[in-house]
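Right, one structure below, let's go through it.
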Amino acid sequence: MFLFKNVSYKNILNIRELNIPSHKVTCIVGQSGSGKTTLLRLLNKIISYDEGEILYNDKSLRTIDSIKLRREVIMLPQIPVMFNGNVKENLLIGIKFSEKPLVPDEILYEILEFVQLDKELSESVEKLSGGEKQKLCLARALLLNPEVFLLDEPSSALDEDTEHLIISSLVEYTKKNNKTLIMVTHSKKIAKNFSDNIIEIKNGSLFIKEE
């Protein structure tokens, strides 16, 4: 799905070749500052590589419209992005931006249950904890039904048991619906238990392990 050829970005990443397959779970691990988040940002065209080429479904990222790409390839940053208003408004805002049909409250409650967020749609997001905000952002992304999920530490604010349940459900959803999941995680345990491929970044270079 994504193919890197001699890609470099500043003095952070230097990738000779990398293939990230479709319909698989790929985890990216490495020390803080190693370039994990930079790799995700390149895939979402938040930043542009200096040299080389990145292909998405055999097309150069440089030639793909950024808005069109981000409707298919959604990135969730490590710090949850909240908008003023309540839970429902935050769930629906992505759909509104994407100009997709709104969904009924019944579906919204189902998606909240999926991410284990037991909140009313009318509740203000200001009252949510960091972990609850992460869950809400994940629910918002799931509603958009993209082809690719780019998740940057999606469970960093969750306890270990909740983290395991959320990641397990997300991986199951990915495989059931033929989606692609590319996830940065601090947990080698999560990567080992759930990924099809592990990319380890050290000093800007890659070490790839297939599970």
Side-chain angles (χ1 to χ4, degrees), residues 1-4 7 9-10 12-13 15 18-30 32-49 54-57 59-83 90-100 111 114-115 130-131 133-158 163 166-167 169-171 173-174 177-187 190-191 194-195 197-199 201 206:
M1 175 169 276
F2 286 102
L3 179 62
F4 286 63
V7 172
Y9 177 75
K10 297 185 177 180
I12 300 174
L13 287 177
I15 304 172
L18 171 64
N19 181 33
I20 302 178
S22 59
H23 306 152
K24 299 288 185 179
V25 176
T26 297
C27 284
I28 304 170
V29 300
S32 178
S34 61
K36 302 185 300 297
T37 297
T38 298
L39 181 55
L40 288 190
R41 290 164 64 87
L42 286 172
L43 296 177
N44 203 230
K45 288 190 71 173
I46 295 175
I47 56 177
S48 298
Y49 42 99
I54 301 176
L55 304 180
Y56 170 62
N57 290 334
K59 295 182 180 179
S60 171
L61 277 187
R62 296 189 191 277
T63 66
I64 300 175
D65 179 75
S66 298
I67 294 176
K68 181 179 179 181
L69 176 73
R70 290 170 191 159
R71 288 178 177 175
E72 293 185 20
V73 182
I74 287 183
M75 179 173 174
L76 269 70
Q78 183 174 354
I79 299 176
V81 176
M82 293 286 104
F83 300 88
N90 270 265
L91 284 173
L92 293 178
I93 195 165
I95 292 178
K96 290 179 179 178
F97 283 154
S98 299
E99 299 179 346
K100 294 183 178 180
I111 204 74
F114 182 84
V115 299
K133 289 177 180 179
Q134 276 192 322
K135 292 178 180 180
L136 181 55
C137 284
L138 180 57
R140 185 166 62 208
L142 289 168
L143 280 170
L144 290 170
N145 193 33
E147 291 303 312
V148 184
F149 293 95
L150 304 176
L151 307 183
D152 190 2
E153 300 279 12
S155 56
S156 60
L158 305 178
E163 176 186 51
I166 291 292
I167 298 300
S169 297
L170 183 57
V171 168
Y173 171 89
T174 298
N177 294 279
N178 291 320
K179 303 297 185 181
T180 300
L181 173 60
I182 304 169
M183 175 173 59
V184 166
T185 177
H186 64 283
S187 171
I190 288 292
F194 294 109
S195 66
N197 305 287
I198 297 175
I199 299 171
I201 303 180
L206 307 183

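FYI, the numbering just counts along the sequence from 1.
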Pairwise distance [atom1]([X]) to [atom2]([Y]) - rounded to 0.5 angstrom:
{"X": "Thr174", "Y": "Phe194", "atom1": "OG1", "atom2": "CZ", "answer": "11.5 Å"}
{"X": "Met75", "Y": "Ile46", "atom1": "CE", "atom2": "CD1", "answer": "4.5 Å"}
{"X": "Ile79", "Y": "Glu153", "atom1": "CD1", "atom2": "CD", "answer": "11.5 Å"}
{"X": "Leu18", "Y": "Leu13", "atom1": "CG", "atom2": "CG", "answer": "10.0 Å"}
{"X": "Leu61", "Y": "Leu3", "atom1": "CG", "atom2": "CG", "answer": "10.5 Å"}
{"X": "Lys100", "Y": "Leu92", "atom1": "NZ", "atom2": "CG", "answer": "13.0 Å"}

Taking all heavy atoms of [X] and all of [Y], pick out the closest pair and write down the distance.
{"X": "Pro21", "Y": "Asn197", "result": "CG-ND2, 3.4 Å"}
{"X": "Met82", "Y": "Cys137", "result": "CE-SG, 3.4 Å"}
{"X": "Gly94", "Y": "Arg140", "result": "N-CD, 4.3 Å"}
{"X": "Pro77", "Y": "Val81", "result": "CG-CG2, 4.0 Å"}
{"X": "Phe97", "Y": "Arg71", "result": "O-NH2, 3.8 Å"}
{"X": "Gln134", "Y": "Ser156", "result": "NE2-OG, 3.0 Å"}

Do [X] and [Y] have side chains that get closer than 4.5 Å, going by heavy atoms?
{"X": "Lys45", "Y": "Val73", "result": "no"}
{"X": "Lys24", "Y": "Ser195", "result": "no"}
{"X": "Phe114", "Y": "Ser169", "result": "yes"}
{"X": "Ile166", "Y": "Pro154", "result": "no"}
{"X": "Leu39", "Y": "Ile182", "result": "no"}
{"X": "Thr38", "Y": "Ile201", "result": "no"}
{"X": "Ile167", "Y": "Met183", "result": "yes"}
{"X": "Leu43", "Y": "Phe4", "result": "yes"}

Trace of the side chain to side chain contact (heavy atoms under 4.5 Å, CB included) decision for Arg41 with Tyr9: CA-CA 11 Å; Arg41 290 164 64 87; Tyr9 177 75; over 6 Å; no
Qualifying residue, where the test is side-chain contact (heavy atoms from CB on, under 4.5 Å) with Leu151 and the options are Val184, Thr185, Ile28, Leu76: Leu76
Qualifying residue for side-chain contact (heavy atoms from CB on, under 4.5 Å) with Leu181, from Val25, Leu150, Val148, Thr26: Val25
Test log, rule side chain to side chain contact (heavy atoms under 4.5 Å, CB included), inputs Asp152 and Gln78: CA-CA 5 Å; Asp152 190 2; Gln78 183 174 354; 4.1 Å; yes
Atom NZ of Lys133 with >12 non-hydrogen neighbours under 6.0 angstrom: yes
Over 12 non-hydrogen atoms of neighbours within 6.0 angstrom of NZ in Lys59: no
Within 45° cone and under 6.0 Å: Arg62 NZ/CZ vs Tyr49 ring: yes
Donor-acceptor contact present, side-chain Ser155 to main-chain Leu158, <3.5 Å: no
Salt bridge (Lys or Arg N to Asp or Glu O under 4.0 Å) against Glu147, all qualifying residues, sequence neighbours excluded: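 Counting only residues at least two positions away or on another chain, Glu147 forms a salt bridge (Lys or Arg N to Asp or Glu O under 4.0 Å) with Lys179.
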